[in-house]
Amino acid sequence: GARLDWGVLRGFGEELPAVFRGLVRSPVRRAAQGAAPTGGAVDLRTRLAGMSAPEREDLLLELVRDNAAEILGHRSSEALDTERDFLELGFDSLATMELRNRMNKELDLRLSATAVFDHSTAKTLSLHLCTLLDKVDEKDRTAAPALSESPGNTIEQENDTVGALFRQAVARGDHRRGLDLLQAVARLRPMYSSSADSGQVPIPLSLATGPKQPQVFCFSSPMAMGGAHQYARLAASFRGVRSLTALSMPGFAEQDPLPDSADTAVEGFCAGVLRAVEAGGNDRFVLFGYSAGGLFAHATARRLEERGTPPAAVVLVDTYLADNENMDTFWGGMIGGLFEREEIFGPFTSARLSAMGWYSDLIGDLAPAPIEAPVLFVRPDRWIGQGPESTAPGQDGWRATWKDAHTVVEVAADHMTILEEQAPATAEVIESWLGSLGSSSSPEPRD
């Protein structure tokens, strides 16, 4: 592939083409209007300390908004909606990391890796910054080198015993016992048996809008970094084309309970999809699931068909059945890929890891039954983290299969990069197939 000259790219400064933003760090054009005095972060913190609470909130909001707009490539920050989710605005994992790093530099902080995900609008992030700065008096602000969030939210995991033990098990190649540990921890967490009664119906998050129908609902993979951000890069290809809405898996935040069964989770997804469909006023929709999220998407499709509100189609991306003979090997490779991405997606806390362990158990209860909707099955052409020439383990035996798929397409990627670097290629395959739904009631099967 072509080599990129990072020095040349940085030299573009403000004129850096949008496609390269997020790959290189460019100088901040401005902080908030007139906010950053020449003395840097210490002077800015001192200035904030002398302001009234409303003035401080306004200045921090302007700081966040201006940096967010610059990262997105906007020439002006005025149009950036401070109450819209960063993912809805077009952020991906690299952009969220860039915004976190900028806030750390501007304010001399040590925000956690998940700060922008946890406080996902410019408004809520600026209020979080206010809270952090209020925790230290003016003497501490000027004397301390940096203000950190609570130790439990930092990237270091020394104090997270569950995480440490799980990592040790994975390092020994014993991820199965590691998952057993996570499942045991999950059973100690609060559970719910009714999504509607407990208020745990997944809230859809709009990632793209466009005129084409049907709209698409995305089910995240229930892994330790599972969430709407998994679809951020893919969504970029659908903006202005068709609506793409993500449904996160419940239970990954510290305060969230877990569904007590796969059936409870599916019921919640049905309610979330139907609520969004009714609000949108168009009953044509597609369910899209990545990895194990595909099992929940498929089960939700079947449940909705039984209730007379069927999806127009189902799209599955590299979804392995729970009884696949290579499932243990797949888990090992996938967990390794997760750890490699921890700096981007944030620390794998006990809540996130135990939720992953819990869902790894629940998917065993999702034995797919035939559905009426046409199914597109998209899979990578290589094993996790290996080159295109690799076909381990067992020749082609590592490939995920779906016997009832109408169409099977391979993308030049692995399980992780199919929604990351290769997301545009994956989006092209999906959009082409969805376009074929309008020309025939059922696409021609092919493998």
Side-chain angles (χ1 to χ4, degrees), residues 114 117 162-163 166 170 175-176 178-187 189-192 195 200-205 217-232 246-254 256-270 272-273 287-301 303 314-324 327-328 330-335 337-339 341-342 345-346 348-368 384 400 415-416 418-419:
T114 59
F117 287 132
V162 172
F166 180 65
V170 171
H175 61 272
R176 175 48 56 190
L179 289 171
D180 289 343
L181 167 68
L182 300 185
Q183 290 165 16
V185 173
R187 290 187 179 93
R189 294 179 56 184
M191 301 261 178
Y192 62 91
S195 298
Q200 295 301 314
V201 174
I203 299 174
L205 178 66
F217 290 98
C218 301
F219 288 62
S220 303
S221 170
M223 297 299 102
M225 63 180 183
H229 53 276
Q230 288 179 321
Y231 288 104
L247 297 164
S248 294
M249 290 282 170
F252 282 82
E254 297 290 341
D256 289 348
L258 289 162
D260 65 355
S261 68
D263 187 73
T264 296
V266 170
E267 281 295 315
F269 287 125
C270 286
V273 169
L287 301 187
F288 176 174
Y290 165 58
S291 192
L295 294 171
F296 287 95
H298 193 274
T300 301
R303 188 73 56 87
V314 173
V315 176
L316 305 177
V317 174
D318 209 28
T319 296
Y320 279 77
L321 297 174
D323 61 357
N324 185 295
M327 198 60 182
D328 274 353
F330 169 77
W331 269 105
M334 187 275 298
I335 291 170
L338 291 178
F339 285 159
R341 289 158 174 79
E342 190 169 12
F345 290 105
F348 297 142
T349 62
S350 295
R352 296 173 78 183
L353 288 172
S354 59
M356 178 178 74
W358 185 242
Y359 280 105
S360 73
D361 189 38
L362 295 188
I363 61 176
D365 296 328
L366 295 174
I384 301 175
H415 180 79
M416 309 299 286
I418 200 166
L419 287 187

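Just so you know, these numbers come straight off a predicted model, no measurement behind them. We use all heavy atoms of the structure for the numbers below, so side chains are in, but hydrogens, waters and symmetry mates are not.
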Inset, instruction - Look at the aromatic rings of Tyr359 and Phe296 and report parallel, tilted or perpendicular, splitting at 30° and 60°. - result: perpendicular
Inset, instruction - Check step by step if side chain to side chain contact (heavy atoms under 4.5 Å, CB included) holds for Glu267 and Arg303. - result: CA-CA 8 Å; Glu267 281 295 315; Arg303 188 73 56 87; 2.4 Å; yes
Legend entry - Which residues share a salt bridge (charged side-chain N to carboxylate O under 4.0 Å, His left out) with Asp260, sequence neighbours left out: none
Inset, instruction - Check Leu287, Thr300, Val273 against Leu247 for a side-chain contact (heavy atoms from CB on, under 4.5 Å) and give me the one that passes. - result: Val273
Legend entry - Sidechain-backbone polar pair: Ser261 side chain, Leu362 backbone, donor-acceptor under 3.5 Å: no
Inset, instruction - Working to the nearest 0.5 Å, report the span between CD of Gln200 and OH of Tyr192. - result: 5.0 Å
Inset, instruction - Keeping the roles fixed (side chain from Gln230, backbone from Ser221), state whether a donor-acceptor pair exists under 3.5 Å. - result: yes
Legend entry - Closest contact, heavy atoms only, Met223 versus Met356: CA-CG, 3.9 Å
Legend entry - Selection residues 354-363 - residue pairs positive for salt bridge (charged side-chain N to carboxylate O under 4.0 Å, His left out), sequence neighbours left out: Arg187-Asp361
Legend entry - Set of residues satisfying ring-ring contact (aromatic ring centres under 6.0 Å, His included) with respect to Phe166, sequence neighbours excluded: none
Inset, instruction - For side chain to side chain contact (heavy atoms under 4.5 Å, CB included), just list the numbers for Phe288 and Leu316, CA-CA rounded to whole Å, side-chain angles, deciding distance to a tenth of an Å, and then say yes or no. - result: CA-CA 6 Å; Phe288 176 174; Leu316 305 177; over 6 Å; no
Legend entry - Main-chain N/O of Gly251 paired to Arg189 side chain as donor or acceptor, under 3.5 Å: yes
Inset, instruction - Test Thr319 against Ser291 for side chain to side chain contact (heavy atoms under 4.5 Å, CB included), laying out the working first. - result: CA-CA 4 Å; Thr319 296; Ser291 192; 5.6 Å; no
Inset, instruction - Decide yes or no on side chain to side chain contact (heavy atoms under 4.5 Å, CB included) for Leu321 and Leu295, but give the supporting numbers first. - result: CA-CA 8 Å; Leu321 297 174; Leu295 294 171; 4.0 Å; yes
Legend entry - Beyond-backbone contact of Ser195 with Thr264, side-chain heavy atoms, under 4.5 angstrom: yes
Legend entry - Heavy-atom check, side chain of Leu179 versus side chain of Ser360, under 4.5 Å: yes
Legend entry - Donor-acceptor pair, side chain of Ser354 and main chain of Ala351, under 3.5 angstrom: yes
Inset, instruction - Could you walk me through whether Phe219 and Phe269 pass ring-ring contact (aromatic ring centres under 6.0 Å, His included), step by step? - result: CA-CA 9 Å; Phe219 288 62; Phe269 287 125; 4.9 Å; yes
Legend entry - Minimum side-chain heavy-atom gap Leu182-Trp358 below 4.5 Å: no
Legend entry - Expected output: side-chain Ser220 to main-chain Ser248 donor-acceptor under 3.5 Å: no
